[in-house]
Chemist: 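One structure, as C-alpha cells, below. Some questions next.
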Amino acid sequence: MPEGHTIHRLAQDYAARFQGREDLRLSSPQGKFSDAATVLGGASLTRTEAHGKHLFLGFRAGDWVHIHLGLFGKVTFGDAPAPPPTDTVRLRLANATSYVDLRGPTTCALITDAEKQAIHDRLGPDPLRPDADPAAAYARVRRSRTTIAALLMDQKVIAGVGNVYRAEVLFRHRVDPYRPGRDITAAEWDAIWADLVALMRDGVRDNRIDTVRPEHTPEAMGRPPRVDDHGGEVYVYRRAALPCHICGTGVRTADLAARNLFWCPTCQTP
DNA sequence: TCCTTATGTACAA
DNA sequence: TGTACCTAAGGAC
C-alpha cells in the first residue's frame with residue numbers, strides 16, 4: 001500500500017484511535033519487537049508524525065517508534081475485541097476500543113529524538129508537510145543529469161513519491177520519464193510540485209490514489225471503470241500495452257532502477 | 001502447491 | 001547493478 005499518502009493517513013489513524021489514552025497495550029506476537037514493546041510497556045501515545053514514507057509514533061520525550069513499511073508492510077485497524085494475533089504481527093497496539101496490527105515492515109524500531117532528527121535530515125521535502133520547501137527539491141533536480149523519473153523516486157530529493165505518483169504526475173504534465181532533471185524548467189517543477197500536493201492530499205483523504213481528471217474519467221469517456229488492487233483510477237500505472245486514455249497509443253513499460261516504469265510515448269515529450 | 005508479483009530500501013561488489 | 005529482506009494474494013499447475 002505504501003506511498004507517502006498512506007503513511008500520513010496512518011499517522012492520523014493511529015492518533016485517532018490511540019493518542020492520549022491511558023489504556024494502551026503494546027505487544028509483538030511475532031517477537032522481533034518484543035524487547036521494545038516491553039520497554040514502552042503501558043506508555044501512552046502522545047503524538048504521531050509522517051515524513052515521506054516514514055511513520056513516527058511518539059510515546060514520551062525522546063521515545064519514538066520508527067516504522068517503514070517497505071514494499072510489503074501492511075497495517076490493519078479494527079475495533080475491540082482484537083482477534084488472536086497471527087504469528088506475523090510485528091507490533092500490535094490495543095486499548096479498550098481498538099487494535100492495530102503491523103505486519104511485514106522493513107523497519108520497526110525504538111529510536112531517540114536525535115535518531116529521528118537524522119532521518120528527517122536525510123529526507124527531501126514532503127509535499128504533504130507544511131514545512132516542505134519545493135525550491136530545495138528543484139535545486140537538486142535542476143543540476144542533475146539523472147532522469148526525472150529516477151529523481152522523483154529519490155527520497156533525498158523529494159520524500160513520499162513512489163512508483164504510482166511518479167508515473168502519474170509525469171503523465172499529467174506530459175513529461176517524458178527519461179528527460180534529465182536539468183531540462184525540467186522552474187515552471188514545470190512548480191506545476192509538478194503543486195499537483196503532487198493536491199493529488200497526495202486527495203490520497204490521504206480517500207486512502208487511495210486517483211489521478212484521472214474529471215474529463216477523462218471512465219464515466220466521461222464511456223469506458224468501464226478500472227478496478228485494480230490499489231483501488232484508484234490512473235492514466236498509466238500498471239496499464240502496459242493498454243490504450244492511453246487520451247490518445248489511444250499503447251502505454252509503454254520499462255525497467256528503471258529495478259522498478260517498473262509506465263508512460264505514454266505520444267502524450268509525454270522528451 | 002508452487003511461482004510470480006508488488007505502491008521500498010539498503011548494502012555489497 | 002544485483003541481491004537480500006519483509007508478507008500475502010493471485011494464477012498456473
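Computed from a predicted model, the values in this text were never measured in an experiment. Convention: sequence-line order gives letters A, B, ...; per-chain numbering from 1.
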Chemist: Can you list the residues that meet the salt bridge (charged side-chain N to carboxylate O under 4.0 Å, His left out) rule with A:Asp190, with sequence neighbours excluded?
Modeler: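 Once residues adjacent in sequence are excluded, A:Asp190 has no partner under the salt bridge (charged side-chain N to carboxylate O under 4.0 Å, His left out) criterion.
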Chemist: Indicate whether OP1 or OP2 belonging to B:dT9 is found under 4.0 Å from a side-chain N or O atom of A:His68.
Modeler: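 Answer yes for this pair, as a side-chain N or O of A:His68 is under 4.0 Å from OP1 or OP2.
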Chemist: Taking the six-membered ring of A:Tyr99, is the NZ or CZ of A:Arg92 close enough (under 6.0 Å from the centre) and on axis enough (within 45°)?
Modeler: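 Flagged: A:Arg92 positioned over aromatic ring of A:Tyr99.
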Chemist: Heavy atoms from C-beta onward define the side chain here; which of C:dA8, B:dG8, B:dT7 lies closest to that of A:His5?
Modeler: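 The listed nucleotide nearest to A:His5's side chain is B:dT7.
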Chemist: Below 3.5 Å, can you tabulate the donor-acceptor pairs from side chains in residues 27-39 of chain A to any protein atom, sequence neighbours excluded?
Modeler:
from: A:Ser28; atom 1: OG; to: A:Gly31; atom 2: N; distance (Å): 3.3
from: A:Ser28; atom 1: OG; to: A:Phe33; atom 2: N; distance (Å): 3.0
from: A:Ser28; atom 1: OG; to: A:Arg90; atom 2: O; distance (Å): 2.6
from: A:Gln30; atom 1: OE1; to: A:Arg90; atom 2: NE; distance (Å): 2.6
from: A:Ser34; atom 1: OG; to: A:Gly31; atom 2: O; distance (Å): 3.0
from: A:Thr38; atom 1: OG1; to: A:Ser34; atom 2: O; distance (Å): 2.9

Chemist: Using a heavy-atom cut-off of under 4.0 Å over every strand shown, decide if A:Arg122 touches base, sugar-phosphate, or nothing.
Modeler: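 Sugar-phosphate, backbone atoms only, no base.
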Chemist: Side-chain donor-acceptor contacts of residues 135-142 of chain A below 3.5 Å, not counting sequence neighbours, with atom names and distances?
Modeler:
from: A:Tyr138; atom 1: OH; to: A:Ile184; atom 2: O; distance (Å): 2.7
from: A:Tyr138; atom 1: OH; to: A:Ala186; atom 2: N; distance (Å): 3.0

Chemist: Counting only side-chain N and O atoms of A:Arg103, is one of them less than 4.0 Å from OP1 or OP2 of C:dA8?
Modeler: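 Checking A:Arg103 against C:dA8: at least one side-chain N or O falls below 4.0 Å of OP1 or OP2.
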Chemist: Students often get this wrong, so: under 4.0 angstrom with heavy atoms, is A:Gln30 touching a base, only sugar-phosphate, or nothing?
Modeler: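 Here A:Gln30 touches the backbone only, sparing every base.
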Chemist: When we call it a touch if two heavy atoms are under 4.0 Å apart, what does A:Lys32 touch: a base, just sugar-phosphate, or nothing?
Modeler: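 Here A:Lys32 touches the backbone only, sparing every base.
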Chemist: Under 4.0 Å between a side-chain N or O of A:Lys53 and OP1 or OP2 of B:dT7?
Modeler: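 No, A:Lys53 has no side-chain N/O under 4.0 Å of OP1/OP2 on B:dT7.
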Chemist: For A:Thr107 and B:dT9, is the shortest distance between a side-chain N/O and OP1 or OP2 below 4.0 Å?
Modeler: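 Negative; the distance criterion is not met.
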Chemist: Please enumerate all residues that pass side-chain contact (heavy atoms from CB on, under 4.5 Å) together with A:Thr269, with sequence neighbours excluded.
Modeler: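 With neighbours one apart ignored, the set is A:Arg179.
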Chemist: Using atom CG of A:Asp255 as one end and atom P of C:dT3 as the other, report the distance to the nearest whole Å.
Modeler: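 Whole-Å distance recorded here is 13 Å.
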Chemist: Output one line per pair: protein atom, nucleotide atom from nucleotides 4-6 of chain B, and distance, for all N/O pairs under 3.5 Å.
Modeler:
from: B:dA6; atom 1: OP1; to: A:Asn260; atom 2: ND2; distance (Å): 3.1
from: B:dA6; atom 1: OP2; to: A:Asn260; atom 2: ND2; distance (Å): 3.2
from: B:dA6; atom 1: O3'; to: A:Tyr237; atom 2: OH; distance (Å): 3.3

Chemist: If only side-chain N and O atoms of A:Gln155 are considered, is one of them under 4.0 Å from the OP1 or OP2 phosphate oxygen of B:dG8?
Modeler: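 Indeed not, no polar side-chain atom of A:Gln155 lies that close.
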Chemist: Any ring-ring contact (aromatic ring centres under 6.0 Å, His included) involving residues 104-129 of chain A? Give me the pairs, sequence neighbours left out, ordered by first then second residue.
Modeler: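 As it turns out, the ring-ring contact (aromatic ring centres under 6.0 Å, His included) pairs with a partner in residues 104-129 of chain A, which skip direct neighbours, are A:His51-A:His120, A:Phe56-A:His120.
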Chemist: Determine the contact category for A:Thr88: base if any of its heavy atoms lies under 4.0 Å from a base atom, sugar-phosphate if only primed atoms, P, OP1 or OP2 are that close, otherwise nothing.
Modeler: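 It contacts sugar-phosphate atoms only.
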